[in-house]
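Everything on this sheet refers to the single structure shown next.
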Amino acid sequence: MSVERIFDEFGHFKRFQACLYFAAVFQAIACGIHYLASVFLVERPNFVCAPPGNITDVLYGNHTGASLEEVLPFFKPANGPMVVRTTVGQQWELSTCQRTQRMNPTDFTYEQVVNRTTEKCDWNYHYVYDHSEVYQSIVTDWDLVCDREWLAKLCQPTFMMGVLVGALVFGDIADRVGRRRILMITSLCQFVFGVSVAFMRNYYLFMVIRFLLAMVSSGYLVVVFVYVTEFTGNKVRTWTSMHVHAAFAAGVMMVAITGYLVRTWWIYQIILSTCTSPFLFFCWKFPETPFYLMAKGRLQETQVLLDSIARFNGLEPGRLRAEDLLEPKEALLEQEVVPGRAQPAEPERKLSILDLFGTWRMTWRTVTVWAVWFIGSLGYYVFSLGSVNLGGNQYINLFLAGAVEFPSYLIGCYAMDRVGRKRTCAPALLLAGTACMLIIVVPNDIEVLVIILSMTGKFAIAIAFGLIYLYTCELYPTIIRSLAVGSGSMMCRVGSIVAPFCVYLADIWQYLPQLIVGILAFIIGVLTLLLPETLGEPLTSTMEEAEALGRKSSPDQGKKDPEEGVEMN
């Protein structure tokens with residue numbers, strides 16, 4: 001098919017495509033919101049195990065007060081317990097997960113040598129929380145501390161598991177039923193599940209709804225990349241694809257702003273879930289993409305879409321016929337034609353993930369692309385999670401973590417259109433690996449240099465992470481494009497699930513996470529150089545066209561392909 005002719009006739013990014021693009025990308029903000037919302041949903045403030053009875057006096061170092069709430073903002077468990085006296089004269093030393101009663105105390109002082117009895121606090125005990133910074137989170141509501149702390153830590157990995165499932169499921173479904181239907185369903189479910197989370201008063205229901213929210217959020221994000229790619233010409237495709245990530249980053253910044261202004265988790269969740277709700281009023285007007293319609297042989301619907309694009313862009317309808325988009329070899333001799341619809345003579349074969357491994361070249365390509373997805377996500381989250389140790393205001397840090405992605409995408413767009421996809425992706429991964437290795441050798445006392453290297457690593461990995469969506473779309477044909485992006489996104493979520501465990505390895509050796517990311521980034525960066533370049537190439541429609549990417553045709557059929565044996569794709 002020559003569906004790319006549409007953009008030569010109607011413009012690569014004129015009025016019709018621009019309106020559709022910004023409308024579709026607007027909802028991608030919600031994906032960034034839901035992916036990072038748990039940062040403040042599971043925020044744990046200072047807390048101590050409460051003593052029995054009413055408190056009259058509190059001591060903690062140089063701080064005194066008449067209630068625990070007065071002193072809790074200054075409490076640091078590593079510096080020792082809080083000492084309290086109750087109305088019945090008992091004295092207790094309070095820590096986070098245990099409380100110790102002083103037996104027969106004399107004076108009320110911070111340090112006193114007396115006999116003590118210690119008891120461990122569990123979910124049957126009452127905890128007192130510092131509400132000066134966090135008024136209400138799921139941790140304070142359901143006492144997800146001490147023996148139940150793992151339940152709070154399970155929140156983000158479970159969400160990412162839902163993202164993994166959604167990426168694979170919705171990517172496959174979008175290739176079968178169309179991109180438009182999936183965008184409508186997932187955006188509606190994002191709103192419904194997002195608001196429903198705020199009204200869950202049971203931890204397990206909360207986790208189930210969050211899992212479903214993760215699935216639909218991932219489904220929308222996967223399909224919207226394919227959607228905007230198939231509605232924009234190759235002259236602007238780099239810009240339009242990369243800046244879907246900018247909308248995601250905007251969602252991250254909205255999480256930081258809302259978290260700073262709203263300290264009650266269920267109000268915070270409602271605000272975040274409704275801020276993109278206007279999208280629901282016009283998403284039902286979205287058309288199906290011309291690539292999908294032509295791939296399914298729906299010529300009449302394709303013609304209606306072509307006429308709509310022409311009118312909206314100020315051109316004469318009918319200047320391009322759907323039949324003109326067929327290659328000469330795809331003449332009606334090969335197809336049975338019914339009024340308004342071209343149908344294959346043979347039943348349409350159902351495609352599966354196995355089609356990504358149809359030949360050795362496609363197998364190698366898929367393995368390499370999946371590896372880029374994995375290291376992009378793993379490196380992104382390792383750098384992001386490590387940034388919390390920089391100190392300062394956590395809301396500002398999260399806001400900057402989103403803002404720093406914008407220059408990555410701008411520079412990435414410029415490089416992708418000048419030097420190509422693989423020549424941007426591979427150096428970015430190699431730069432990230434270099435930054436990781438340099439962090440290991442830099443002395444700990446040079447904090448500024450460590451921060452600069454960490455930001456350089458995140459900057460570089462964000463470029464590779466941003467362009468792999470578009471690169472995947474261009475490396476695979478229309479019939480399995482959504483499935484390819486969905487499976488790649490699945491590998492991306494595997495990386496995001498592994499990332500927290502990778503960060504925990506710092507307990508074994510401080511720089512072990514950077515060593516792992518650095519080695520993987522180097523290896524995958526080199527492998528990326530073996531992929532075919534897609535800069536300036538039209539989107540492919542068949543497996544044969546996709547497999548031929550990177551091969552240079554020669555008029556001498558007996559002459560060996562000069563690229564063969566060099567590029568493994």
Side-chain angles (χ1 to χ4, degrees), residues 30-44 123 134 136-172 185-187 189-222 248 251-252 255 258-259 265-266 268-270 272-273 373-374 376-382 384-386 388 398 401 486-505 513:
C31 299
I33 286 172
H34 294 307
Y35 275 48
L36 272 295
S38 63
V39 171
F40 300 124
L41 285 175
V42 299
E43 191 172 4
R44 188 188 70 182
W123 64 276
V134 181
Q136 190 178 2
S137 70
I138 67 168
V139 172
T140 63
D141 272 10
W142 300 320
D143 287 334
L144 304 182
V145 293
C146 300
D147 290 343
R148 291 162 57 86
E149 183 181 1
W150 66 275
L151 293 173
K153 291 183 176 180
L154 196 62
C155 185
Q156 187 66 13
T158 303
F159 186 92
M160 286 302 176
M161 284 295 296
V163 169
L164 185 152
V165 174
L168 187 59
V169 170
F170 286 105
D172 186 23
I185 293 171
T186 54
S187 57
C189 289
Q190 269 189 308
F191 173 76
V192 173
F193 293 144
V195 174
S196 299
V197 166
F199 295 95
M200 295 298 104
R201 292 297 175 259
N202 176 277
Y203 170 81
Y204 298 101
L205 286 178
F206 171 87
M207 294 292 282
V208 169
I209 300 301
R210 283 267 301 170
F211 184 87
L212 297 175
L213 176 61
M215 286 185 60
V216 297
S217 297
S218 175
Y220 186 91
L221 195 60
V222 168
F248 186 93
V252 175
V255 169
T258 307
W265 75 268
W266 60 273
Y268 158 88
Q269 179 68 31
I270 290 175
L272 290 177
S273 298
W373 281 91
F374 176 81
S377 179
L378 178 67
Y380 180 90
Y381 285 104
V382 167
S384 298
L385 294 174
V388 300
L398 182 60
S487 62
S489 185
M490 176 191 70
M491 295 304 299
C492 161
R493 300 314 153 200
V494 172
S496 65
I497 293 172
V498 171
F501 300 100
C502 185
V503 174
Y504 296 153
L505 294 177

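The two residues C155 and M207 make their nearest non-hydrogen contact at CA-CE, 3.7 Å. The minimum heavy-atom distance linking A198 with R201 is given by the pair O-NH1, 3.0 Å. When all heavy atoms of C31 and S217 are compared, the closest pair comes out as SG-O, 3.4 Å. For the pair L36 and Y268, the tightest heavy-atom approach, listed with the atom from each and the gap, is O-OH, 4.5 Å. Among all heavy-atom pairs drawn from S196 and I209, the shortest one is CB-CG2, 4.1 Å. Between L154 and Y203, the shortest heavy-atom distance links the atoms CB-OH, 4.0 Å.
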Would you check, one step at a time, whether the test side chain to side chain contact (heavy atoms under 4.5 Å, CB included) holds for S496 with Q156? CA-CA 10 Å; S496 65; Q156 187 66 13; over 6 Å; no
Should M491 and S377 be marked as a side chain to side chain contact (heavy atoms under 4.5 Å, CB included) after you check the CA-CA gap, both sets of side-chain angles, and the distance that decides it? CA-CA 9 Å; M491 295 304 299; S377 179; over 6 Å; no
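Within the 3.5 Å criterion, the main-chain N or O of A214 finds no donor-acceptor partner in the side chain of S218. Judged by distance alone, with hydrogens and angles left aside, the side-chain atoms of T140 form no donor-acceptor pair with the main-chain N or O of Q136 at under 3.5 Å. A side-chain donor-acceptor contact under 3.5 Å links S137 to the backbone of E43.
Take F206 and apply the ring pair (Phe, Tyr, Trp, His ring centres under 6.0 Å) test, not counting sequence neighbours, and it matches W142, W265.
Q269 is listed as a side-chain neighbour of L41, based on a closest heavy-atom distance under 4.5 Å. Using a 4.5 Å heavy-atom threshold, the side chains of F40 and V134 count as separate. The shortest side-chain heavy-atom distance between V216 and F170 falls under the 4.5 Å cut-off. The closest side-chain heavy-atom distance from R44 to K153 is not below 4.5 Å. The closest side-chain heavy-atom distance from L144 to E149 is not below 4.5 Å.
Ring to ring, F248 and Y35 are close: their centroids are under 6.0 angstrom apart.
Atom CE of M161 has 12 or fewer heavy atoms from other residues, nucleotides or ligands within 6.0 Å.
Judged by distance alone, the side chains of Q190 and T186 never bring a donor and an acceptor atom under 3.5 Å apart.
Once rounded to the nearest 0.5 Å, the distance linking OG1 of T258 with CD1 of I270 reads 12.5 Å. Here the straight-line distance linking atom CG of L151 with atom OG1 of T158 works out to 9.5 Å at 0.5 Å rounding. Here the CG atom belonging to L378 is positioned 10.5 Å from the SG atom belonging to C492, to the nearest 0.5 angstrom. Atoms OG and CG, on S487 and L164 in that order, are 10.5 Å from each other to the nearest 0.5 Å.
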